Amino acid sequence: MVDQKLSQWRIRRGPYLGEVSALCFLHLPSHFSSLPLLLAGMGSEILTYNLEVEKMIRSFTVLDGIRVHGLASGVMSSTLDTSAIIKYSTKIAVYGERRVKLYSFSVDTAPGSRPQLTLVHMLPKFNHWVLDVCFLKSYLTHSNEESHFLAAIGCSDNSVHIWDALKSVTVLKIQSPVRCLLYSMRLWGDNLEVLRIASGTIYNEIIVWKVDPKHDASCLRSVVEDQDHESISFSHCCHLSNQQYEAVHVCKLVGHEGSIFRIAWSSCGSKLVSVSDDRSARVWAVPIKREEVSGHDPVALVLFGHSARVWDCSIFDSLIVTASEDCSCRIWGMDGEQLQIIREHIGRGIWRCLYDPNSSIIITAGFDSAIKVHQPYALLSRGSTAAKEKPNRTEIFSICIPNVLDQVGLMDSKSEYVRCLRFACEDSLYVATNHGYLYYAKLCGTGDAQWTQLVQVSNGAPIICMDLLSKDFVELDCGAEDWLAVGDGKGNMTVIGVTNDDCTPTMKSSFTWSAELERQLLGTHWCKSLGHRYIFTADPRGTLKLWRLPVNSQSNLLSPLRSYNVSHIVTFMSSFGIRIMCLDACIEEEVLVCGDLRGNMVLFPLEKRLVLDMSVAHEVKTSPVNHFKGVHGISSVSSVSVTLLSSNQIEICSTGADGCICYLEYDRGLQNLQFTGMKQVKELSLIEYASDNNSAHTLSRSYAAGFASVDFIIWNLISETKVVKIPCGGWRRPHSYYMGDVPEMKNCFAFVKDEIIYIHKHWVSDEDRKIYPQNLHMQFHGREMHSLCFISGNILLGNNFEHHLYSNFCLIATGCEDGTVRLTWYSPGIDNWSISKLLGEHVGGSAVRSLCCVSKLHIISSRAANLCDGRGESNAAIEDQDNPILLISVGAKRVLTSWMLKNRRLDNKEDIPADQQYNSSGDYDNFWSDFSSLTFQWLSTDMPAKYASTRKNLESDAKKVVESAENAYNAKGDVRPGSLLPERALDVIRDKHEDDWRYLAVTAFHVKCAGSRISVCFVVVACSDATLTLRALILPFRLWFDVAMLAPLSAPVLSLQHIIFPTCQPAQDNIQVGSVYIVISGSTDGNLAFWDLTDSIEAFMERVSVHSIENFFDCQKRPRTGRGSQGGRWWRSLSNSLSKKKPNSNIVSSEVKDEFNDINCTVDGTSSTTNDNQDDKTACSQSLHSSSLVSEINNHNSSEICEIPPMHSLKEIHQSGVNCLHVSEIKCGQSTDRCNVYSIVSGGDDQALNHLLVESSSNSTNSNRETMSQDIKNVVSEPRHQKDVYYPRWSMKDRIRFLCYEKIPSAHSSAVKGVWTDGSWVFSTGLDQRVRCWCVEDSKLREHAHMVVSVPEPEALSARACGRNLYQIAVAGRGVQMVDFSAV
């Protein structure tokens, strides 16, 4: 069954990606490193980071299956060996739950050396949870500190244990005078004489006590006399090395109204800060000496500002840092003033924060796995040592246009003010005013500007619009460095070329002409791909004009405002009639892309002859070649960029006022414009600019610039961090920005308020490239994950996958509680979790409950094969090679989203040279480049219409409740006849039910007719209203259809799997003539059901194949974001409710093909038939096409779809819900050409595992019928009299036979949440936080190994075979962890 002996198989814990639970600095000598090392506890591992190089240098597994709750370090020491290599070492205490381990951490100066972590002591398990550990000096005056030291361990019973490292024994236990259970504790001091303890009790109080030497021997209860035995005092007074100690109560700190999560001492021990569940932090002054203790307990300084629970805090001489569940880190002064807010994390908040006063850096880490390094301006402004060494390079100053200084009094209608701003570079700014002046401002280092008046437009008309074409963005071959185009209120255009010789701006050329009527010129746009000789103008009616400027003439300099022969080449007329806001062009593909004020995208043909042919003199009017309505909802499109992907294909990237970055692809040959993906930047409500790794622009890659309310923000799209945040009053004020190659170091922003131009400039030279904030660890999901699946690596990498170095790499898709779906790359090594891409978010952030990867394409050789798409069988072999990988995600609010894998690099190149795939030196640059081009393209999001429940009793139940309520009110005489109570109450009940409906499970398979370009992805989804639906997604047309309803069960379905096996005709020498499609469901009542979908699928494929669906091709659909003008979840009502057949309907047979004439089509989650009263303008652009398609496919006007009852049901094989299912075909052994054997494994809330072997056969005769074994009879409900299950199909008999059944009652000590099998091994996980490996021997499961994982509350498990003797297991829940199971 396996290639190696069972005794040689081992399970090994892999890296964990989840919340960061502990942080600790290791301070090295300043001559060795200017920044400390950072230790981070993640799961049961410690990650070591070098802050100077901003990378992880090593990881260590320290606790077996226990999360690291805290880290403590001792004093760093150094030794010199014979090789003149200095070795630095220190003690590290690692604790979690009831365990404490003491390590020696060492690092030396040898080149290429790595840190070492050596276990020194493993303390015995404590009776209570360990809350804090600190190192103390030895009580022996001449002892070696390295080998003889004390460790103080604070426990949750409000006691402190003293561990002697020399004796390896607990020599002392000190119990607080106040006995109470604790939530938190913090120790302070370096020896017993000054040890101070602050204990946060379960009563929301802080008990401060200390350990004092005592000279009164009357209280002595226990004396340590024998050093070879452990002796612990349980009194308040105790004895250690001829010295008596007692626990002394200092004070009680009262004020918090919630649980106290964290306490921090100041460096001198005179103050402490506490944070609590009550969303506050409090600063306390604690008396040090006995005489300072007064009759009253100290009163706290309260710090309010967080909107959720506060998890962690740090306090130093002048600053306090707090971290909260609201994903913010706040910096406070000692007077309680809030100095700064840092928001860089997502999800359930920041769990840990750490501050280093020497370097003025703050470390934050949280649930999202990210570890970020900050150097806030609030710290630099406090005059720390780091601030003196690295002064703040941000310049903030203000300037005024020249004529403003001459104005007296308040502004009036005749006053001059700024209309437009444009940065040419970091120290050059162009300013246009309402008096028609165009100025050039040279920004000086002193915070002032040198002004130069360039031009005043004719008659002093106000300048309405301005655009700049700078040499930084395009090569200018005309001698000018900058080209400016301005449009005034009279409809005139003025274009000037400016040179900057000897720091003095000079006009090189000037052109002026009448472009529009008065007040009709609203926009002017340069196109970088066309150069400086072509300019566009826009009016309010969606008309765009292209102008060609004449060849530069020296006479222009003599009369710069004279009108010259500017040619009007083309007029572009938008089909929407809405003002064009931005544009870009691709000359190679002859297309112009425009975005308008209402979120629409319009594409125009831009012929090369019109641009390059100088003889074209007549104006040409051009209509759109394609358009996409509502790319950004009804929000304005703010920027558009075009990238050439391949011949006849371009990619369009647009940003808008909905806070989204949208991606579209246009195929010039097919004239097909389709939406391919979207990024939501939640921090921005309007994005003005975006550039990512897919963009051709070389500057500022992977950044977005825009606005959030009144703030201007630059956002790093890769690290998900905020680069710049500048309060400016919002985007409506004139503003401009300029970013260098690294926006964190080089950025400028200018905005106008009143009559003043405010400038924020942060420009750092290339010598100092330190960028803050830094992202040390990859950011992941910020909340719990419910589902994950592996993406097939051999399909992703092709032949590279066969290389042994690539075989362990994998791609994992995960779905989260916050509605996000991520694609994460895992590679064994130091950087285990390399890259994580956010694919998208479910509508309104609805939770993702299940994921399904579809990587295999099933070919149907149907009777209509020769009709499919009108194509012949000669093309079938070529077309069948196209095997797309699909990803299906479902979740709350009945959201169903489909994705398709896209490799942008491989799309451009047919083959990658072998020498670029891998080289012996281990160069993975090309390999990572390949992966960076991999992503899942969004296909479609489907949401059913509101109240379109398939439950029959919902409406009747609601009416009964309403009638009861109405009767009660009528009895009191409060309601008159004809009251609106029933309708309102019915709506309330409907909304209540609607909120509860969600998809719980999904399975899918991809089917295609031989010789056809059309394929169908059939998706079976389980809803919380105890229904199963078979849906169809027709590709590449993205049309959704309801195919069939699977008969409602008595309980909701929690898990789904499917089996597909071929059928053969014996008379045709076992030639495959079709496939059988079986779906298996597990429900909350413990039942397993088998459903035959074969006839419904084949009938649907035949109906689709005979119609010309390409005539209805319209891919104008985009994801719903629920943001801004999108209006959240927008519903469209069904004209007719879905009806179903009677429950006593026979099993679906060939008659289904006749009944299947009625197919219910939905477009992007809505019915194809819209309400008559609905405004046509709000309907989806695909509705008319789809309704025509439905009328052509359907033979009747009814919206009825067929219902399929289960062909077989196994009753109560689990005592409660079937949480997980997995099916695998057994490739060897019992499988033959005629029979396929499948292994079915299920896990449930009853802690049990069930293993079932099923044989599928397509023999034409029923032979070898045997009676069912007794164990199968106990679980099979019907038919009990036979072992085989038959169903009619194509005048032949197919058979499913249950071979054997096994149940393991207590496979886990808690609910089983995930299972996986390949027929040889079974892997399972549950809420007991274990992964168990079961070997399949003689159809029986035998546990071979198990391991405790670091994932709290596991929710899902998936695995894959990486070779003949290696499995990778992924467990997801509150984080994700890899487990390797291999033969030694």
Side-chain angles (χ1 to χ4, degrees), residues 16-23 40-43 47 67 261-262 275 277 279 306-312 322-330 341-353 363-374 659 679-684 708 715-722 773 775-788 812-824 833 835-842 844-849 851 889 891-892 1121-1123 1350-1356 1371-1377:
Y16 167 72
L17 180 62
E19 68 268 20
V20 180
S21 53
L23 293 174
M42 181 178 291
L47 312 181
R67 188 177 63 170
F261 294 136
R262 198 77 168 174
V275 293
D277 192 20
R279 300 177 297 173
H306 288 287
S307 59
R309 294 178 288 186
V310 188
W311 292 120
D312 199 7
T322 58
S324 170
E325 192 178 26
D326 62 4
C327 295
S328 71
C329 175
R330 297 174 187 254
I341 303 177
I342 301 173
R343 299 183 186 272
E344 304 293 349
H345 292 264
I346 60 174
R348 294 200 179 276
I350 305 176
W351 284 27
R352 292 292 177 260
C353 63
I363 310 293
T364 59
F367 198 98
D368 59 358
S369 306
I371 303 175
K372 298 179 183 289
V373 185
H374 314 268
K679 289 183 181 179
Q680 300 180 53
V681 185
K682 294 186 177 181
E683 291 289 331
L684 300 179
W715 185 262
N716 190 320
L717 297 172
I718 299 298
S719 62
E720 298 291 334
T721 55
K722 192 182 304 176
N775 197 12
L776 299 180
H777 196 273
M778 182 188 72
Q779 191 169 49
F780 198 51
H781 291 293
R783 293 182 180 271
E784 296 81 358
M785 285 166 283
H786 297 291
S787 181
L788 85 163
I812 303 175
T814 51
C816 182
E817 179 71 24
D818 60 3
T820 58
V821 179
R822 280 188 173 269
L823 196 64
T824 305
W833 304 103
I835 305 174
S836 182
K837 296 182 179 180
L838 178 64
L839 296 183
E841 179 179 335
H842 276 206
S846 54
V848 179
R849 306 299 302 185
L851 287 172
S889 64
T1121 63
R1123 299 190 62 184
S1350 301
V1351 180
E1353 303 173 8
E1355 287 286 336
V1371 182
R1374 286 174 51 185
V1376 62
Q1377 184 171 16

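Keep in mind the model is a prediction, meaning the values are calculated, not measured.
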First locate atom [atom1] of [X], then atom [atom2] of [Y], and finally report the distance between them rounded to the nearest 0.5 Å.
X	Y	atom1	atom2	answer
Met778	Arg822	CE	CZ	7.5 Å
Asp818	Asp368	CG	CG	10.5 Å
Cys329	Arg343	SG	CZ	11.0 Å
Leu776	Thr364	CG	OG1	9.5 Å
Glu817	Glu1355	CD	CD	9.0 Å
Arg352	Leu23	CZ	CG	8.0 Å

Sub-4.5 Å side-chain heavy-atom contact between [X] and [Y]:
X	Y	answer
Asp277	Phe261	yes
Val310	Arg262	no
Arg348	Glu19	no

[X] side chain to [Y] backbone, donor-acceptor under 3.5 Å:
X	Y	value
Asp312	Cys353	yes
Glu325	Ala308	no
Gln680	Gly840	no
Ser324	Arg309	yes
Ser369	Gln779	no

Using every non-hydrogen atom in the two residues, find where [X] and [Y] come nearest and quote the distance to one decimal.
X	Y	result
Ala40	Val20	CB-CG1, 4.2 Å
Met785	Val1376	CE-N, 3.8 Å
Phe780	Ser836	CD1-OG, 3.8 Å
Leu851	Gly815	CD1-N, 3.3 Å
Leu788	Ala1372	CD2-CB, 3.8 Å
Pro1354	Val1371	CB-CG1, 3.8 Å

- Query: For residues Arg279 and His306, is any side-chain donor paired with an opposing acceptor at under 3.5 Å?
  - Reply: no
- Query: What's the verdict on side-chain contact (heavy atoms from CB on, under 4.5 Å) for Tyr16 and Val1351, showing C-alpha distance, side-chain angles and the deciding distance?
  - Reply: CA-CA 8 Å; Tyr16 167 72; Val1351 180; 3.8 Å; yes
